[in-house]
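What's counted below: heavy atoms across the whole structure, side chains too, no hydrogens, waters or symmetry copies. Labels below follow one simple rule: chain letters A, B, ... track the order of the sequence lines, proteins then strands, and each chain is numbered from 1.
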Number of protein chains: 4
Amino acid sequence: MMPEPEAGKPLRADARRNRARVLEAAGAVFAARGVAASTEEVAREAGVGIGTVFRHFPTKEALLAAVLVDVLRALADQAEALATAPDAGGAFFGFFTRVVERSNTKNLYADVLAEAGVDVTAATAVIARRLRAALAVLLDRAQRAGEVRGDVRVPELLALMVGASRTAGYAANDPDVRVRALAILFDGLRAPGYPGAEGRSQ
Amino acid sequence: MMPEPEAGKPLRADARRNRARVLEAAGAVFAARGVAASTEEVAREAGVGIGTVFRHFPTKEALLAAVLVDVLRALADQAEALATAPDAGGAFFGFFTRVVERSNTKNLYADVLAEAGVDVTAATAVIARRLRAALAVLLDRAQRAGEVRGDVRVPELLALMVGASRTAGYAANDPDVRVRALAILFDGLRAPGYPGAEGRSQ
Amino acid sequence: MMPEPEAGKPLRADARRNRARVLEAAGAVFAARGVAASTEEVAREAGVGIGTVFRHFPTKEALLAAVLVDVLRALADQAEALATAPDAGGAFFGFFTRVVERSNTKNLYADVLAEAGVDVTAATAVIARRLRAALAVLLDRAQRAGEVRGDVRVPELLALMVGASRTAGYAANDPDVRVRALAILFDGLRAPGYPGAEGRSQ
Amino acid sequence: MMPEPEAGKPLRADARRNRARVLEAAGAVFAARGVAASTEEVAREAGVGIGTVFRHFPTKEALLAAVLVDVLRALADQAEALATAPDAGGAFFGFFTRVVERSNTKNLYADVLAEAGVDVTAATAVIARRLRAALAVLLDRAQRAGEVRGDVRVPELLALMVGASRTAGYAANDPDVRVRALAILFDGLRAPGYPGAEGRSQ
DNA sequence: GATGAATGAGCATTCATTCAT
DNA sequence: TATGAATGAATGCTCATTCAT
């Protein structure tokens with residue numbers, strides 16, 4: 001659930017525990033205060049010394065990348081879990097909604113997902129690939145079920161998720177607006193295509 | 001085209017020129033390097049001393065707000081100019097596209113538009129109101145012309161623009177993906193609503 | 001009443017007026033806000049541009065020196081005016097009290113008097129000499145009248161005035177303490193000397 | 001002799017040493033160059049990085065307050081040590097003299113003692129109280145011994161000490177003047193009161 | 001002369017990173 | 001290994017001083 005960064009040497013039990021605590025604290029702090037939050041604050045939240053943070057993550061950037069990997073992994077896990085759900089459309093839109101909903105007020109998710117595309121490190125590349133693969137499955141099944149138009153591909157789907165997270169963050173304090181905005185986007189994903197909606201599902 | 005912020009006392013010619021240069025430089029620097037770029041860098045880009053930047057904008061936040069106002073004003077100008085265009089649908093989607101296209105790699109636009117909703121200062125509030133009003137006109141005309149579904153309101157439109165800018169930024173180096181993602185969103189805006197999409201083309 | 005700094009070239013009427021306004025403003029501002037107050041603030045208070053301040057006083061230090069000279073001149077004027085007062089003791093202690101009372105909360109007076117001893121510039125030296133001379137007269141008359149012990153000399157008198165100003169500033173918000181502290185010091189000035197106080201009148 | 005400010009968690013040995021070095025350097029630098037001296041200079045004098053200064057004293061104001069507390073503590077220590085001296089008068093005037101003598105050229109002491117009355121922070125309040133208490137003992141004993149007039153109270157005594165420090169600073173380069181000025185003040189403290197010197201000691 | 005915009009050195013403060021304990 | 005003190009480059013901002021208008 002929280003393996004060593006690069007499948008490197010096995011950490012001692014307490015070291016592994018500390019690494020996990022730092023990672024969790026970083027996720028919470030960066031989400032709440034933005035990525036400009038200090039490393040010191042992460043250490044405090046994790047209940048460890050600042051030295052420990054830097055022992056596990058040699059730079060702040062590395063820490064951010066690790067948080068990103070963590071987030072992507074959680075998403076990939078969820079996407080994979082939905083791969084065999086009976087309701088393909090529900091699985092697809094449900095996952096999309098979950099991604100968007102978890103993008104919290106400070107838009108870490110959007111930032112973090114945006115970076116994902118850039119493949120900051122090899123580590124992110126690996127997990128991002130896993131996420132894309134899982135997404136491809138969800139998308140394909142929804143398309144075969146006629147719940148999503150056929151011309152959508154994974155790259156634009158990811159781009160739309162990133163943007164929708166931002167949309168949700170923007171409308172954070174007006175849930176109604178948020179719902180309506182998402183509904184419009186989802187209609188676009190369902191629409192048979194415009195103009196000339198010959199559709200592939202009919 | 002770049003008047004004093006809030007109709008303060010008229011600046012000397014050289015002062016106005018410098019203010020404009022700083023504002024332009026700030027727009028460029030923050031767009032290129034993000035809002036964390038230093039004020040020094042803005043000064044260097046503008047070719048003025050650091051003191052000059054702070055003379056015109058007493059805090060960095062004020063400078064950011066001024067850039068934001070500038071951006072919003074340009075958008076509002078464009079929206080207003082399109083208010084009487086013969087092709088209401090083209091005006092609406094054209095404006096939307098322009099907004100998105102001008103969101104550059106580092107997503108200043110998104111940040112900046114996001115702030116707009118928060119009405120950081122009185123100055124931003126005023127211009128944001130202007131933008132919303134102009135947007136309302138474009139939207140209404142497109143809806144009357146049957147080019148945009150009738151249940152869309154300005155708030156979600158703004159939220160979608162913010163998100164679409166982010167989407168575009170994410171897909172910055174793949175224009176094809178960008179176009180397809182936007183097409184999907186635009187279809188959602190055109191769709192008569194879902195469920196029950198018997199299609200508007202029949 | 002406010003002649004040119006160094007008996008230099010005669011200033012134009014408006015220039016002289018501006019110089020006086022700046023000097024007055026500087027006295028007020030430095031007294032109220034301390035000598036760390038900005039030159040800009042002095043200019044604002046005087047209702048002139050910052051350039052005008054620096055035209056008349058080439059550095060901030062020069063401005064402070066000019067304020068000092070102004071203060072010393074006012075004190076010297078008062079001391080000279082008291083030189084022929086019928087009540088020599090009243091004149092002496094009255095003057096001492098006035099000096100102390102005019103030392104306002106921010107202790108500009110103390111600072112300024114302290115500097116006076118250092119003879120910052122030739123100008124201060126000149127006026128400080130005048131003040132010392134006037135003080136010598138007051139002191140001598142009070143001693144001859146038997147109101148002040150005979151072994152007091154001008155240097156220690158000045159030092160005591162500087163200190164008493166500080167004492168008054170310290171006790172600024174407790175007038176009672178201030179009065180009692182001064183009374184003690186005055187008793188010391190009257191006392192025939194200790195030990196061996198065979199009387200001061202011989 | 002230089003414990004943590006307010007009984008916080010015990011610092012590591014090296015940290016305590018550095019804190020003391022910074023405090024000492026600050027005392028020296030502020031005394032020599034005035035309180036406007038830069039924190040950089042304090043760091044340089046202490047032989048530590050600027051970050052170290054701010055780690056121990058989060059603001060320059062806090063550093064000044066700490067120097068003040070340090071000074072007050074030293075004074076209080078001395079006053080307490082003199083509380084049982086056989087010669088009550090000698091103890092009183094000796095302490096007064098020491099206070100004045102240690103007020104160095106730039107009058108940090110005066111500034112610092114002046115602040116003491118204002119009770120800048122809780123820390124200063126505590127130590128200032130201690131000093132006042134110790135002073136009260138010295139004063140009372142000297143009064144009982146007939147060495148100091150009976151109507152002197154601690155508040156005016158403090159005020160006079162502050163002023164006398166300034167007097168001494170003013171006369172710094174003329175020890176003779178300094179001695180004579182102090183002698184006059186001390187006579188005032190001994191005098192049975194004026195006018196109407198029925199005295200309480202006769 | 002008067003004005004105030006421009007300048008840039010200087011300051012307090014923060015924070016990622018290193019290293020002695 | 002964990003800790004947290006030390007470091008110093010970098011940042012936002014101020015202000016005395018200069019100079020073009």
Side-chain angles (χ1 to χ4, degrees), chain A residues 11-12 14-15 18 36-44 47-63, chain B residues 9 11-19 22 36-43 46-63, chain C residues 11-16 18-19 22 36-44 47-63, chain D residues 9 11-19 22 36-43 46-63:
Chain A
L11 296 177
R12 268 169 30 183
D14 58 341
N18 268 346
S38 79
T39 318
E40 197 61 62
E41 200 163 354
V42 171
R44 207 174 316 129
V48 304
I50 181 71
T52 303
V53 174
F54 276 90
R55 164 166 292 273
H56 288 293
F57 308 96
T59 64
K60 185 179 182 179
E61 194 176 294
L63 177 57
Chain B
K9 53 225 71 161
L11 294 179
R12 260 163 41 181
D14 57 342
R16 195 204 311 273
R17 190 160 46 245
N18 267 345
R19 186 180 192 280
V22 169
S38 82
T39 318
E40 277 280 350
E41 200 162 354
V42 171
V48 302
I50 182 67
T52 301
V53 175
F54 279 92
R55 161 168 280 267
H56 288 292
F57 307 97
T59 63
K60 185 179 181 179
E61 193 177 293
L63 178 56
Chain C
L11 295 178
R12 266 169 31 184
D14 59 341
R16 192 201 316 269
N18 269 345
R19 186 178 191 281
V22 168
S38 79
T39 318
E40 200 53 69
E41 200 163 354
V42 171
R44 206 175 316 128
V48 303
I50 180 72
T52 302
V53 174
F54 276 89
R55 164 165 292 272
H56 288 293
F57 308 97
T59 64
K60 185 180 182 178
E61 193 175 295
L63 177 56
Chain D
K9 54 224 71 159
L11 294 178
R12 260 165 39 184
D14 57 342
R16 196 204 311 273
R17 190 160 45 247
N18 268 343
R19 185 180 192 280
V22 168
S38 82
T39 317
E40 277 280 350
E41 200 162 353
V42 171
V48 303
I50 181 67
T52 300
V53 175
F54 278 91
R55 161 168 279 268
H56 287 293
F57 308 97
T59 64
K60 184 181 180 178
E61 193 176 292
L63 178 56

Is there a side-chain polar atom (N or O) of [X] under 4.0 Å from OP1 or OP2 of [N]?
| X | N | answer |
| --- | --- | --- |
| B/Thr52 | E/dT7 | yes |
| D/Asn18 | F/dA5 | no |
| A/His56 | F/dT1 | no |

The residue, B/Gly47 or C/Gly49, whose nearest nucleotide of DNA chain E is more 5′ is C/Gly49
Assert: residue with more 5' nearest nucleotide on DNA chain E, out of D/Glu41 and B/Arg55, is B/Arg55
Separation between CZ (D/Arg16) and NE2 (D/His56), nearest 0.5 Å, reads 11.0 Å
CD of D/Glu61 to CG of D/Leu63, rounded to nearest 0.5 Å, is 11.0 Å
Smallest heavy-atom separation, B/Ile50 atom then B/Glu40 atom, equals CD1-N, 3.8 Å
Looking only at heavy atoms, the pair that brings D/Phe54 and D/Thr39 closest together is CE1-CG2, 3.5 Å
Its contact letters, B for base, S for sugar-phosphate only and - for none at protein heavy atoms under 4.0 Å, make nucleotides 14-21 of chain E read B-SBB---
Whole-Å distance, C/Arg44 CZ to F/dT14 P, equals 12 Å
Atom CZ of B/Arg16 and atom P of E/dA6 are separated, to the nearest Å, by 12 Å
Side-chain heavy-atom pair D/Val22, D/Arg19 within 4.5 angstrom cut-off | no
Under a 3.5 Å limit on both distances, the Watson-Crick or wobble mate of E/dT21 is F/dA2
